[in-house]
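Worksheet: one structure, shown below.
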Amino acid sequence: MKNLKVYSELTSQIEELKIKDEVILFSAFDIERNRLFFSSSANIIYTIQLPLSHEKERAYGETPLHVEVEPMDLEPGDCVTAMDYVMEKEALLVGTLSGYLLLYIKEDNMTEVVGRVDGGVKSISPSPDGAVLAVITGFGQLLVMTHDWEVLYETALEDTSKDIDAAVAGEPTGHLFESPISWRGDGKYFATLTEVDKSSLQKRIKIWERESGALHASSESKAFSGAALDWMSSGAKLAASCASKADKKNPSITFFERNGLERSSFIVDGPMDGIVETLKWNCNSDLLAAIVRYEGYDTIKIWTFSNNHWYLKQEMRFLKKDGVKFMWDPTKSLHLICWTIGGKITTYNFVWVMAVMENSTAFVIDNSNILVSPLALCLMPPPMCLFSLKFSSAIQDIALLTKNSKNLLAACLSDGSLCVAELPDDDTWEELEGKEISIEAVYSEIKFWSFRHLIWLDPHILLGVSYQELGNPKYSLSTSLNENELSPQRGMNKSLGFFLQEIEIVCSEGRVAGLVTSSGWSAKISNQQSFERPVIAVAPNPGKGCSAFVQTDGGRILEYTPKLRLTEGLAEHCIRKRDYDVGFSSSCPWMNVVSINDNGVSKPLLLGLDSNSRLHVNGRILCNNCSSLSFYSNSTDHMMTHLILTTKQDLLFIVDIEDIFHDDLDTKYGNFVRGTNKNKENKDSINIWERGAKLVGVIHGDEAAAILQTNRGNLECIYPRKLVLQSIVNALVQGRFKDALHMVRRHRIDFNVIVDHCGWNAFLRSAKEFVGQVNNLSYITEFVCSIKNENVMETLYKNVVTPPCMKDSTGIQDFEDSDVKGKVSSVLMAIRKALEEDVEESPARELCILTTLARSEPPALEEALMRIKVIRDMELLAVHDPRRKVYPSAEEALKHLLWLSDSDAVYDTALGLYDLNLAAIVALNSQKDPKEFLPFLQGLEHMPPVIMQYTIDLRLQRYESALKHLALGGDAYYEDCMNLMKSNPQLFPLGLQLFTVPAKRSELLEAWGDHLYCEKCFEDAAATYMCCSSLQKALKSYRDCGNWKGVLTMAGHLKMEKKEVLQLANELCEELQALGKPGEAAKVALEYIGDIANGVRCFICAREWEEALRVGLMHERDDLISEVKNAALECASTLMGEYQDGLEKMGKYLTRYLAVRQRRLVLAAKLRAEDRLLSDVNDDLASETSSCFSGMSAYTTGTRKGSSASISSSATSKGREMRRQKKHKGGKIRAGSPGEEMALVEHLKGMSLTSAARCELKSLLMTLLMLNSEEIARKLQHAGDRYQLSQMAAVKLAEDTMSSENIDENSHTLEHYIHKNRAELLSSEVFCWQSKVLLPP
């Protein structure tokens, strides 16, 4: 659903055609240097350099072409009959009537004769790869030779070769010499069009094999016309033109397969005297152009194929005397170059524009018809349509205006006519279904030739760009205009101009409701403005009446207002507001302007899409790989709220308009490319299920639909979650709860959006209105059952839609007295209150209220059962009460409650009410076995009330209530209370409140302490024992938990003797050393035992080097100082050895990781190449597959043992054992396992120095310096620095390669990363353990 539009038309003249009757005959194109070669009837070669980019085309259109002329030195009577460019030789190959093959090298201005063939040269065609060259001679021979002029084979085109005198061909008027050769895109085959019999017009297509020259296939004999033969670049179809088999029939274009069989065809519309002379595909094979010559004029027609239908998208008419010819640019699929025999060269630049307008209606151009399809009513892919508009000739451009219930359509036709029609209101279009409505041309004194970029400024003014050739009657304007208005600007070609023309439209007929106003229109040019530069695009300004933005080449933007007022740029307040540059950085053939809301003010937003798929927004590039885009609006004032775009990676993005003005746009949307982490869901993009599908339009408002068209032509409508949610939130903000609920149900959105969009507290205010609008108890019940205690706007739909500002909910007073807190209970309470107050009593209402009670958190089953009990009592007491009609039966209500809730929970709740009759009713309706519940209920009935309540509480595990009821039974149940507390220790605090007698309180505390001791909560047990004066038990508890301070404190309270305290201190010292707490043991030895030597040794074991040295110096013990020094030196030596071993192990881990990673990437790329569908395979699966190729493991079988120092915190055996357990907790590395890569990375991370290890290392360095071992300290610091730097660099290298799709052997090395990140890593806090005095210079 797209139309082909000419956005740039540039014309220049070859002024060097001086010879009388000299005409242009042949052409060739040099792709590398972007230049054209022309050969004339005077045997002159003209070389024209084309601009290398569109920004330079202005010079090409403004000034006469710089043409280099080179006459060909041919024999008298000889002439050029064929020509093509040979890229391998970087020269022009020319064939002549006499059979000469000439090689013309432009750079050297040298012509070389490379050979001669008998009968003359009729056609030359190099293969697509340039390796071979096919030549057809005048004798009907086919020669295939290499680019070194070695003939591979020669064969006759016809079955019986006959000599043909090429001299009889007559004057070289161009097409008489043509005998077409068309190569398939891969160069394996080529096709020729040859005559079957000289006496008839029948011809045949022959398919030849390139390698052997054998005839591969041939078609049936048909009346092929002209030299119209061209093979699609993709090789799928071969196009040819067939003349009518009978009189009074139009010619047709027929498509053949490689085997010569006819596949399909279509009729060329137009006058019946048309002859198709030339057919050519563009480089993308999506456009087919043809020259069709009629009796009064010539045309270039351009078709495209979609949904099994050929659409005529453009038609350009030329004078018969021009003898127009054309060629597609070999590298630019939308660039057409045509020329006349008189040397006039015109280049057309096309752009695909979406046929779906802002009102979601498609206007698809097909020849002289516009197919109208309102997509909001039905998805109707062309060529199907609701109705069609018929015009007098092919349509070149259209413009639509939808404003104030008016639908105005304007169309420019290829015959120079302008047509205007007013369509009826959209609501009446269904009455036009299946009709074809003829549209008459407007009355005008002039013809609108080459009229481009047509737009409406208002219902009475059209604006367009005319490319005019002044002095030609075909382009002349009304004489009523001033001649100064027609004068070209200085510096331009004197015969050329670009004019922005304002056309006044008037209708003399009245409008009839429900009908199309297709006649009675008149037009005249009221104003015009000349331009020095070509106009690329024109777009109306929706935020400012009767204004438009004009884009000239290079991306410059001008603002046009009627009556010859032209100003640069946007409104200044908009520029200052957003600080954007005016215009685009390059020419954008597609441009649009939409209105956006900026803090309540309507502002225009300019967007442009250039030929390199870059999306520009007000001087900024928004996306680099955009393939199509559209805008969506869910606001009542039709302000655009979202930009929807598709990328070349087949992703669809929904962009908030507000995000366009933020600097973090690329970060939020991932640069609009597919994320490398496929397991991470991207909330802002949608994977397009079919490759190459394009976005053609949207349906605005609550529909929130995006319409995609696949390459086949069918339409698909999707509802992006982001747009749907935004529409729902928008409806909720506007208070349209019923519409919002319908959208939630239709699109299967979580019902919690209705509550969470502004916070559930805000919804409480609107609950009454919500119930009133929905007015459907079934929908409300469904809504109630879906409420959950979760804010889906922050979880499920986080980053999908931006909720409105949360309203202050602290002023809600209706629910302050409620003791039920939380979202679910509060919302359901509000719904229940609204149902009770505003909904008429009915059985359905009562069931809905029961639903709100059952779905509360926690379920309000007690209240629900009480309501059912009321209904039951009503049934028993008042049989004929009329109120019974507004309530369901008690049995129905109870079954409804049991269906919503767990039957056991309802039964237990009934028991918890201590109502045995109600419990029996619930048990019966929940299908319980009477043999199970009747004896239990009968036993309860015979118990004392307090014991009955205790028994029920105990069954329901309500232990606090059970203890309270049991305590009310008196001292006879005290032992039962103690047993209940012992079996449920959480009851001890309640027991302390219930039993205040000192003796019972002490017994209770001691029992509590015993329980805590058994649970190994020694600190709490000791505190509890102290409350009941059990000091001996408190001492034992402190000793068991290793709290030596508490033990010695309790010894003081127990008045123990000095010997007992000393013995206790010695035992504590040994126990602390066994527990791996040598530092604590050192304090006990120094403070309570007085053993200085043992204290220093304990400090050494604890690696508290500075403290050990301090104690030795304080007591002036040289022997201890020497012992400290020896231990420090030994520890330093051990650490340096461990660092070295760690570096070796680290190197093995990293080498293995890089090898496994590289193999996985290679295999993943291979799988993607074989089958594109496997590109979405999880990374884990790819890793698992690649592990099949893994070799032997490079790991050691164990870790280093027996060292007296550790890289981590402590060097004690218990500390090493704890670290060893922690290390192996993540699992052993298995070579070839699925998790091998992650395990390697985790092992590398696990080799880092812990904070305790760094503190120990710093203490050791300081101690070595204090002991005058500076050299050892320097070596130790160097070893530690090298180890830590290598470990951090290795981890960074692994993390970088994890997120990369390729591994560079030069940059992804440990040495490179150490050198690259050394300065950054050394400045981090993890290197604070270093001593500056030991740093290298």
When the aromatic ring centroids of F350 and Y7 are compared, is their separation below 6.0 Å?
-> no

Ignoring hydrogens and angles, tell me if any N or O in the side chain of N367 forms a donor-acceptor pair with the backbone of N369 under 3.5 Å.
-> no

Side chain proximity check, W429 to L423, heavy atoms < 4.5 angstrom | yes

Short side-chain to backbone donor-acceptor contact, K325 and L25, under 3.5 Å = yes

When you measure from the side chain of N284 to the backbone N and O of S333, does any donor-acceptor pair fall under 3.5 Å?
-> no

CA sep, side-chain torsions, deciding dist, call: S393, D415, side chain to side chain donor-acceptor pair (under 3.5 Å) = CA-CA 7 Å; S393 62; D415 62 358; 3.1 Å; yes

Does T304 have any side-chain hydrogen bond (donor to acceptor under 3.5 Å, both in side chains) partners at least two apart in sequence or in another chain, and if so, which?
-> none

Any donor and acceptor pair, going by atom type alone, linking the side chain of N282 with main-chain N or O of S285 inside 3.5 Å?
-> yes

Non-neighbouring partners of D397 that pass side chain to side chain contact (heavy atoms under 4.5 Å, CB included), sequence neighbours left out | K5, L454

Is the backbone N or O of G692 less than 3.5 Å from a side-chain atom of K694, with the two atoms forming a donor-acceptor pair by type?
-> yes

Aromatic centroids of Y189 and W208 separated by under 6.0 Å = no

Give a yes or no on whether a salt bridge exists between R712 and E690, defined as a side-chain N under 4.0 angstrom from a carboxylate O.
-> yes

The side-chain hydrogen bond (donor to acceptor under 3.5 Å, both in side chains) partners of R452 (sequence neighbours excluded) come to E9, Q396

Which residue pairs pass the side-chain hydrogen bond (donor to acceptor under 3.5 Å, both in side chains) test when at least one of the two sits in residues 223-240, sequence neighbours left out?
-> S225-S241

By salt bridge (Lys or Arg N to Asp or Glu O under 4.0 Å) - contacts of E431 (at least two apart) = none

Distance-only, no hydrogens or angles: does the E158 side chain make a donor-acceptor pair with backbone N or O of E195 under 3.5 Å?
-> yes

Considering residues at least two apart in sequence or located in another chain, which fulfil the salt bridge (Lys or Arg N to Asp or Glu O under 4.0 Å) criterion with D186?
-> R184

Are any side-chain N or O atoms of Y311 and backbone N or O atoms of P382, one a donor and one an acceptor, separated by less than 3.5 Å?
-> yes

Has the side chain of S123 got a donor or acceptor atom that lies under 3.5 Å from a matching backbone atom of S179?
-> yes

Do the rings of W310 and F305 sit parallel, tilted or perpendicular, given the 30° and 60° boundaries?
-> tilted

To the nearest 0.5 Å, tell me how far I24 CD1 sits from S39 OG.
-> 7.5 Å

Can you name the side chain to side chain contact (heavy atoms under 4.5 Å, CB included) partners of S27, sequence neighbours left out?
-> F38, M327, W339

Do D84 side-chain atoms and F29 backbone N/O form a donor-acceptor pair below 3.5 Å?
-> no

Which pair of non-hydrogen atoms, one from V324 and one from I291, has the smallest distance, and what is that distance?
-> O-CD1, 3.3 Å

Would the number of heavy atoms belonging to other residues, nucleotides or ligands and lying under 6.0 Å from CD of E220 be above 12?
-> no

Excluding sequence neighbours, so at least two apart, what forms side-chain hydrogen bond (donor to acceptor under 3.5 Å, both in side chains) with W183?
-> S125

Between W281 and F255, what is the ring plane arrangement, given parallel below 30°, perpendicular above 60°, and tilted in between?
-> tilted

Of all pairs that satisfy salt bridge (charged side-chain N to carboxylate O under 4.0 Å, His left out), the ones with a partner from residues 279-302, not counting sequence neighbours = E277-R293, R293-D298, D298-K320, K301-E315

Under the side chain to side chain contact (heavy atoms under 4.5 Å, CB included) rule, collect the residues that match up with N259, sequence neighbours excluded.
-> E257, L261

Quick check: does any side chain N or O of T81 sit under 3.5 Å from a backbone N or O of V121, one acting as donor and the other as acceptor?
-> yes

List for me each residue that meets side chain to side chain contact (heavy atoms under 4.5 Å, CB included) alongside E430, sequence neighbours excluded, and say none if there are none.
-> L377

Should we say atom CD of E436 is surrounded by more than 12 heavy atoms from elsewhere, each under 6.0 Å from it?
-> yes

Which residues satisfy the side-chain hydrogen bond (donor to acceptor under 3.5 Å, both in side chains) test with S368, sequence neighbours excluded?
-> K390

Are there more than 12 heavy atoms of other residues, nucleotides or ligands under 6.0 Å from atom CG of L432?
-> yes

